[in-house]
Amino acid sequence: MNDNWILEVIDENMRKDTQCTACSASVVPAEHDGALWLECMTLTKPLSGLRRLTAWVHTRQLLISARDMATAA
């Protein structure tokens, strides 16, 4: 693996999925608990009430696991 493999994974997946399948908002890379995800932009905002109940329908795809991220560091 070269030094840019994380960027290549993000770039490759951003080309495939650019919008959330539930709400058509943009998808963005996000880090949670050491793992890298590609997720709906609306999930980056605080969730409350109805938004919390419907969050599971928004696009959220694991790009790089926490274990793989740790070995890259």
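Numbers here are sequence positions counted from 1. Computed from heavy atoms alone, side chains included, the values below leave out hydrogens, waters and symmetry copies.
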Worked verdict on M41 versus Q19 for side-chain contact (heavy atoms from CB on, under 4.5 Å): CA-CA 9 Å; M41 183 183 290; Q19 292 182 320; over 6 Å; no

Pair T59-E39, side-chain contact (heavy atoms from CB on, under 4.5 Å): steps then yes or no: CA-CA 5 Å; T59 298; E39 66 183 24; over 6 Å; no

Rounded at 0.5 Å granularity, tell me how far [atom1] in [X] sits from [atom2] in [Y].
| X | Y | atom1 | atom2 | answer |
| --- | --- | --- | --- | --- |
| L38 | N13 | CG | CG | 6.0 Å |
| T71 | I64 | OG1 | CD1 | 9.5 Å |
| D33 | M69 | CG | CE | 12.0 Å |
| L62 | D68 | CG | CG | 8.5 Å |

Beyond-backbone contact of L43 with W37, side-chain heavy atoms, under 4.5 angstrom: no

Hydrophobic cluster membership, M14 vs V9, 4.5 Å side-chain cutoff: yes

Same cluster (ILVMFWY, side-chain, under 4.5 Å), V27 and I6: yes

Worked check of side-chain contact (heavy atoms from CB on, under 4.5 Å) between I10 and L36: CA-CA 9 Å; I10 294 170; L36 188 61; 3.6 Å; yes

Residue pair H58, T42: steps toward the side-chain contact (heavy atoms from CB on, under 4.5 Å) verdict: CA-CA 8 Å; H58 292 272; T42 63; 3.7 Å; yes

